[in-house]
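A quick note: this is a predicted structure, and the numbers were derived from the prediction, not measured. Indexing begins at 1, ligand by ligand and atom by atom, following the structure's order.
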Amino acid sequence: MQVDLFMENMYILDDGRVRQFLIVGEEEALLMDTGFEDSGVCQEVKKITDLPVKVLMTHGDPDHAGGLKDFGTCFLHEKDWHLIKDDIRLQPLKEGDIFECGGFRLEAVEIPGHTYGSVALIERKKKLLFSGDSVQKGGPIFMFGGHRNIDLYIESQKKLLDLANDVRFVFPSHHECPIDASYIEKNLRDAVALKNGELAGEKHPYMPCPLYRGQWTEFLYAANS
Ligand SMILES: [Zn+2]
């Protein structure tokens, strides 16, 4: 696990597959996502701080929620609660919820699409956006399976685009990080091309759906999902 102090009180944890973001305050810490079951996120967090940790979830996919069993409770949008199989105490996370810690003020922005309960966290003063899987450079962004919706994804990218002036750094959970806010519009344009059938799908060696290459972003997508 690689751990970097990105700026005062803010750490990036990255096991090479998925990353988490930790903000350490004076009385508690905020952790965004918990990695895979075997990422060892809780252990790493304990090396950084012994304060109580409040867990905020960008969404409920297993590469983000796998470590929840070590924390026991989290804030997660209700539309992703069905994705959590472990016995976790779930607390609702919704549009406009504010979490303050260590000089950061995180505000929840609902961005359904990648999952129905996807949430971004924005820090307007510091101009930071924690985007989960919904904004990425390159991708692939997973858009196949029963809990994805490309139409909602496009609407959510438009919503984020309206916030782009308040964003200097985007922190995706996968691939390059941080990236600049231009990827919101790049992902949007590629998603619209995907939806309009303008991208050619190619067979993926092991994933259950084709890979679509946009100009800036790839999607693993099945039209009926
Ligand atoms: Zn992910």
Is D61 close enough to the Zn ion (ligand 1) to have an N, O or S atom under 2.8 Å? no
Do you see an N/O/S atom of H59, backbone or side chain, under 2.8 Å from the Zn ion (ligand 1)? no
Decide whether D61 and H147 meet the rule of one side-chain donor and one side-chain acceptor closer than 3.5 Å. yes
If you count heavy atoms of other groups shown closer than 6.0 angstrom to CG of N196, is the number above 12? yes
Going through the checks in order, is the ring-ring contact (aromatic ring centres under 6.0 Å, His included) test met by F130 and F171? CA-CA 5 Å; F130 300 91; F171 297 90; 5.0 Å; yes
Angular separation of H64 NE2 and D133 OD2 about the Zn ion (ligand 1), given to 10°: 100°
Of all N/O/S atoms in H174, the name of the one nearest the Zn ion (ligand 1): NE2
The N/O/S atom of D63 lying closest to the Zn ion (ligand 1) is OD2
Over 60° means perpendicular and under 30° means parallel, so tell me whether H174 and H64 are parallel, tilted or perpendicular. perpendicular
Using only atom types and a distance under 3.5 Å, with no angle test, would you say the side chain of R19 pairs donor to acceptor with the backbone of H175? yes
